[in-house]
There are 2 protein chains.
Amino acid sequence: MSQAAPQRPRAERTRIAVLEAAEAIFAEKGFAATRLEDVADRVGIRRASIVYYFKDKQELYHAVLAGVFGGLLEKISAALSRPDPLPARIEAGVGAWVDYVGARPSIARLILREVADAAPGHRPAVLEHTRPFFDLIRQQVFERDGGAIARLSPIDPVHLASTIAGATVFFVAAMPALLPDLVLDPVSPAHLAAHREEVLGIVRRLLGTQGPRKTRPARRRASGPEE
Amino acid sequence: MSQAAPQRPRAERTRIAVLEAAEAIFAEKGFAATRLEDVADRVGIRRASIVYYFKDKQELYHAVLAGVFGGLLEKISAALSRPDPLPARIEAGVGAWVDYVGARPSIARLILREVADAAPGHRPAVLEHTRPFFDLIRQQVFERDGGAIARLSPIDPVHLASTIAGATVFFVAAMPALLPDLVLDPVSPAHLAAHREEVLGIVRRLLGTQGPRKTRPARRRASGPEE
DNA sequence: GTCTATAGAGAGATAGAC
DNA sequence: GTCTATCTCTCTATAGAC
């Protein structure tokens, strides 16, 4: 808060500024199209100074991914580790995921790019950062409570995770992209809350924990629009 | 079928071969990282020959998008134009979407990249190809049958479309990417059918046309794992 | 139509001054 | 720590032969 005694030494502040700028530009343009000069411009330094902190472009990129996925793992881990019983914990984890992407939307684009980049024979960079998530889910969802998940639903967890992840990153990144005419910010509290509810509904449906449907009862074909 | 009298002149065959090779490599590597030399190698010609057919890299890229989205529009249009009543027609459209992506999976990666590329101030290339889809949906879903859709559900159609699109492209592109250990081909008939059913379930739930649930009844909290 | 050869721009990496 | 200067490589685009 005081300018006379900065909390962090200059080097660390610069390093963080480089990481933040790189996160934004890698997310926006992708690895190949990002120029280190753009990152430097955004920070207000020269290109060569970036190399003082990060050996090369690859290392900078990996540092960006580590920061983004590290923060995500923290949030999801906290949600899944709570003492609640199973369906509630899964919903808390999904909610944490949606909230994190909303708060740090560049992760949506970074994930979209990593997924698109992955190809047979090309281990995507993101793989180094996803293993902790699989470990976490195995421990907190499958092994805890003596395999209670199996009694809940036979749903394929990979399939479920893929659907949730895809729906959210697409929502956050694609809405402004494909509908630029709409002045619609998917990350605004109202839209994000709506998306979270929608995703949670999908989770409940796929887990079979939907319970009695209150908000939108299924219409029987009594007076429907069918011919 | 006969080699002596090829159906198409050589020029057209080469042009098509270039387009197919470019589709695969743009999908795999993205626009910036794709080298025209890679495309040429795949076709078995030299880089300069590509320029004979396509003025430059941008034009080749747009031609690829036009081909991919043109094919998709054709399939979805056919499904939505059928004489069936509304919920069935929407389901047919969604099914056509899933089947098309399964049959031509490079579209999944191309869409992922286009969405990630879109940024404020940067009209993504894909926008030129998506307008016909909006027109189609407006005509066949919202205006036809005298606005029957409004009686079905208050769901935001953009939201619904985003969820479906995201779930499918993510499923097709991300499963092999993030889980390379699994020998799992998302495009195989069995997995694709499972995904189609899952997506249709989401559609029905979001449209409120789910009807009585047969396959996976909601468990009441009688004997569940809740503590 | 397809090729070879080359021009020219762009951007990452490095060396070394301050 | 941050800078300037430069080296080097890659890749697009073009010109022109066959």
Side-chain angles (χ1 to χ4, degrees), chain A residues 3-66 110 113 117 119 122 125, chain B residues 3-65 110 113 116-117 119 122 125:
Chain A
Q3 273 189 322
Q7 304 285 14
R8 303 173 186 282
R10 175 173 62 151
E12 194 178 342
R13 274 183 293 134
T14 305
R15 201 190 132 93
I16 291 173
V18 169
L19 276 173
E20 288 175 350
E23 177 178 327
I25 300 178
F26 278 135
E28 188 177 309
K29 291 179 164 13
F31 180 83
T34 290
R35 297 176 306 160
L36 290 184
E37 184 147 12
D38 295 339
V39 178
D41 284 352
R42 186 159 176 145
V43 177
I45 59 178
R46 298 302 233 155
R47 191 175 60 237
S49 302
I50 293 179
V51 185
Y52 175 79
Y53 295 98
F54 302 93
K55 166 169 134 275
D56 58 15
K57 198 181 174 184
Q58 272 288 344
E59 190 175 300
L60 173 59
Y61 182 67
H62 274 90
V64 166
L65 288 189
L110 291 171
R113 294 186 188 285
D117 281 344
H122 173 262
Chain B
Q3 273 191 320
Q7 305 284 16
R8 305 173 185 280
R10 174 174 63 149
E12 194 178 342
R13 275 183 292 132
T14 304
R15 201 190 132 94
I16 291 174
V18 169
L19 277 173
E20 288 175 349
E23 178 179 326
I25 299 178
F26 279 135
E28 187 178 311
K29 291 179 164 13
F31 180 84
T34 289
R35 297 177 305 163
L36 289 184
E37 183 147 12
D38 294 339
V39 178
D41 284 352
R42 186 157 176 146
V43 177
I45 60 179
R46 296 303 230 155
R47 192 175 57 239
S49 301
I50 293 179
V51 185
Y52 175 80
Y53 295 97
F54 303 94
K55 169 171 133 273
D56 57 14
K57 197 180 171 183
Q58 271 288 345
E59 191 175 300
L60 174 59
Y61 182 67
H62 274 91
V64 167
L65 288 189
L110 292 170
R113 294 185 188 286
D117 280 345
H122 175 262

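Heavy atoms only: backbone and side chains are in, while hydrogens, waters and symmetry mates are out. Labels below follow one simple rule: chain letters A, B, ... track the order of the sequence lines, proteins then strands, and each chain is numbered from 1.
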For atom CZ of A:Arg35 and atom P of C:dG12, their distance in whole Å: 8 Å

Grab the CZ-C1' distance between B:Arg13 and C:dT2 for me, whole Å please. 14 Å

From CZ of A:Arg46 across to C1' of D:dG1 the rounded distance in Å is 15 Å

Kindly indicate whether the side chain of B:Leu19, heavy atoms from C-beta on, has any atom under 4.5 Å from the side chain of B:Phe54. yes

Atom pairs under 3.5 Å: protein N/O with N/O of nucleotides 13-15 of chain C:
residue: C:dA13; atom: OP2; partner: A:Lys57; partner atom: N; Å: 3.3
residue: C:dA13; atom: N6; partner: A:Arg47; partner atom: NH2; Å: 3.2

Rounded distance in Å - CD (B:Glu37) to P (D:dT12): 8 Å

For the helix from C:dG1-D:dC18 to C:dC18-D:dG1, what is the angle between the axes at its two ends, each from 5 pairs, rounded to 10°? 10°

Take the protein atom OH of B:Tyr61 and the nucleotide atom P of D:dA13, then report the distance between them rounded to whole Å. 15 Å

Can you tell if the side chain of B:Phe26 reaches within under 4.5 Å of the side chain of B:Leu65, non-hydrogen atoms only? no

d(CZ, A:Phe54; P, C:dG12) in whole Å: 15 Å

It should be established whether A:Tyr52 places a side-chain nitrogen or oxygen under 4.0 Å from OP1 or OP2 of nucleotide D:dG1. yes

Would you call A:Val43 and A:Ile50 a side-chain contact if the rule is heavy atoms closer than 4.5 Å? no

Tightest non-hydrogen contact, residues B:Ala22 and B:Val39, listed as N-CG1, 3.9 Å

Going by the side chain to side chain donor-acceptor pair (under 3.5 Å) test, name the single residue among B:Arg46, B:Arg47, B:Arg42 that passes it with B:Glu37. B:Arg47

Using a cut-off of strictly less than 4.0 Å, decide whether A:Ser49 has a side-chain nitrogen or oxygen near OP1 or OP2 of D:dG1. no

A:Arg113 and A:Glu28 have their tightest heavy-atom pair at NH2-O, 2.8 Å

Calculate the interatomic distance between A:Ile45 atom CD1 and C:dC18 atom C1'; express it in whole Å. 17 Å

Under a 3.5 Å distance rule, please check whether B:Lys57 uses its side chain to pair with a backbone N or O of B:Thr34 as donor and acceptor. yes

Mind telling me whether A:Phe31 and A:Tyr61 have parallel, tilted or perpendicular rings, with 30° and 60° as the class edges? perpendicular

Rounded off to whole Å, could you give me the OH-to-P distance for the B:Tyr53 and D:dA13 pair? 18 Å

Heavy-atom contacts under 4.0 Å between residues 19-26 of chain B and DNA chain C, which residues? none

OP1 or OP2 of D:dG1 less than 4.0 angstrom from a side-chain nitrogen or oxygen of A:Thr14, does that happen here? no

Taking all non-hydrogen atoms of both residues, which atom of B:Leu110 and which atom of B:Val64 are closest, and how far apart? CD1-CG1, 4.2 Å

Within the structure provided, determine whether B:Arg13 and B:Arg10 are in side-chain contact (heavy-atom separation under 4.5 Å). yes

Minimum heavy-atom distance A:Val51-A:Lys55, with the two atoms named: CG1-O, 3.4 Å

